[in-house]
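To start, the structure under review is shown below, and the notes come after it.
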Amino acid sequence: MAMSTSLWSFALVVGLLTLTPGLDTALILRTSAVGRRRRAWGVVLGIQTGTLLWGVLTSLGVTALLTASHLAYTALRWVGAAYLVWMGVRMLRDTFVPAGERSGAEAADPALLSGADSVGGGWRQGTLTNILNPKMGAFYVAVLPQFIPAGVSHFTMGLLLTTVHILLGLVWSAVLIGFARVLHGWLRKPQARRLLDRITGTVVAGFGLRLALGD
């Protein structure tokens, strides 16, 4: 397989994966739609940081050891599931707190208010969401080697393929953030924001439960 063919074929596979609605899409849309654009880009950068880490580890052969070890894979799966369920339940719980009480809590905690739209906070959330998902590692172990031509450096080509995945993710994330800005006016209504948070919280917690109950 020629290198150019490999790159285009891999781009098609991960492009379809990127366009498929999932956890990353829900987090980016929700964060951006409520007006936290800087935090949304932080989430995007965090997700791509996690993708880069999985790509590097796969290229080094480390994730093959993880997927071969049932104990290590199971441990990471449970940690990731617990984090997602916790995040989703917290979103759902906050929608039942009266708006006045939430405003009071933010006013009493300037750090919370100032960090609400921070790139750093979003980056931590996106990175944790991605690296605590062992299925990302399993996907890379199963798919990446199939697109590495014979005679090419496994590590170099692995990083090049991962870069393709990251670039596609950044482009699609920019589209999502732009679309979410259209919804911002409607989401200024408290009822609309509660609805969005309940939908996102359910999606996030659902992914956590599916991860916990998966094989």
Side-chain angles (χ1 to χ4, degrees), residues 1 3-32 36-69 72-73 75-77 79-84 87 118-149 152-178 204 207-208 211:
M1 181 187 297
M3 184 177 292
S4 59
T5 303
S6 175
L7 289 172
W8 281 110
S9 300
F10 183 76
L12 177 61
V13 172
V14 295
L16 292 173
L17 178 66
T18 300
L19 292 174
T20 302
L23 175 62
D24 294 347
T25 300
L27 287 177
I28 294 169
L29 278 176
R30 184 265 177 188
T31 306
S32 182
R36 297 176 178 178
R37 192 179 182 191
R38 286 182 297 177
R39 185 180 179 91
W41 275 111
V43 170
V44 170
L45 294 176
I47 290 170
Q48 301 313 323
T49 297
T51 299
L52 177 61
L53 180 59
W54 281 120
V56 170
L57 292 177
T58 302
S59 301
L60 292 173
V62 175
T63 49
L65 298 176
L66 172 64
T67 54
S69 171
Y73 182 87
L76 183 59
R77 179 163 61 89
V79 171
Y83 173 71
L84 292 177
M87 184 165 57
S118 69
V119 174
W123 180 83
R124 287 191 294 271
Q125 184 182 39
T127 302
L128 281 174
T129 300
N130 196 296
I131 66 174
L132 290 178
N133 183 3
K135 291 188 176 182
M136 271 292 294
F139 170 80
Y140 263 70
V141 168
V143 174
L144 207 64
Q146 299 182 37
F147 294 91
I148 298 180
V152 176
S153 168
H154 194 285
F155 182 75
T156 302
M157 190 63 185
L159 287 184
L160 186 57
L161 293 171
T162 302
T163 301
V164 170
H165 192 182
I166 290 173
L167 290 175
L168 289 174
L170 289 173
V171 171
W172 180 237
S173 297
V175 172
L176 291 176
I177 291 175
V204 171
F207 269 91
L211 183 60

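Every heavy atom of this structure was used, including side-chain atoms; hydrogens, water molecules and symmetry mates were not.
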### Message
Please determine whether side chain to side chain contact (heavy atoms under 4.5 Å, CB included) holds for the pair I28 and I47, giving the CA-CA distance in whole Å, both sets of side-chain angles, and the decisive distance to 0.1 Å.
### Response
CA-CA 10 Å; I28 294 169; I47 290 170; 4.1 Å; yes
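- Considering every non-hydrogen atom in both L170 and W41, the closest pair reads O-CH2, 4.4 Å.
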### Worked verdict on V44 versus I177 for side chain to side chain contact (heavy atoms under 4.5 Å, CB included)
CA-CA 10 Å; V44 170; I177 291 175; 4.1 Å; yes
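- Counting all heavy atoms, side chain and backbone alike, T162 lies closest to G55 at OG1-CA, 3.3 Å.
- Note: L27 CG to S32 OG = 12.0 Å, rounded to the nearest 0.5 Å.
- In this view, L53 and L57, I131 satisfy the side chain to side chain contact (heavy atoms under 4.5 Å, CB included) rule, not counting sequence neighbours.
- L160 pairs by the side chain to side chain contact (heavy atoms under 4.5 Å, CB included) definition with M3, L7, M157, not counting sequence neighbours.
- The shortest heavy-atom contact between T127 and T49 is OG1-CB, 4.0 Å.
- Only one option out of L144, V14, I166 pairs with L161 in a side chain to side chain contact (heavy atoms under 4.5 Å, CB included); it is L144.
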### Query
Are W123 and V43 close enough, and set up right, to give a side chain to side chain contact (heavy atoms under 4.5 Å, CB included), and what steps lead you there?
CA-CA 5 Å; W123 180 83; V43 170; over 6 Å; no
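- The minimum heavy-atom distance between R39 and Q125, with the atom names listed, is NH2-OE1, 3.8 Å.
- Judged as a side chain to side chain donor-acceptor pair (under 3.5 Å), and not counting sequence neighbours, the contacts of T156 are S153.
- Between L23 and L84, the closest side-chain pair of non-hydrogen atoms falls below 4.5 Å.
- Applying the side chain to side chain donor-acceptor pair (under 3.5 Å) test to T18 and every residue at least two apart in sequence or in another chain returns nothing.
- The structure places CD of Q48 at 5.5 Å from OG of S173, a figure rounded to the nearest 0.5 Å.
- The structure places CG of L29 at 11.0 Å from CG of D24, a figure rounded to the nearest 0.5 Å.
- Every residue meeting the ring pair (Phe, Tyr, Trp, His ring centres under 6.0 Å) condition with F10, not counting sequence neighbours, appears here in chain and number order: F147.
- Closest heavy-atom contact between T25 and T20: OG1-O, 4.1 Å.
- Here L60 pairs with V56, V62, F155 under the side chain to side chain contact (heavy atoms under 4.5 Å, CB included) rule; sequence neighbours left out.
- Counting only heavy atoms from C-beta outward, the side chains of M87 and T129 approach each other to under 4.5 Å.
- Side chain of S9 to backbone of T5: a donor-acceptor contact under 3.5 angstrom is found.
- Heavy atoms only, all atoms of each residue included: I148 and V152 are closest at CG2-O, 4.3 Å.
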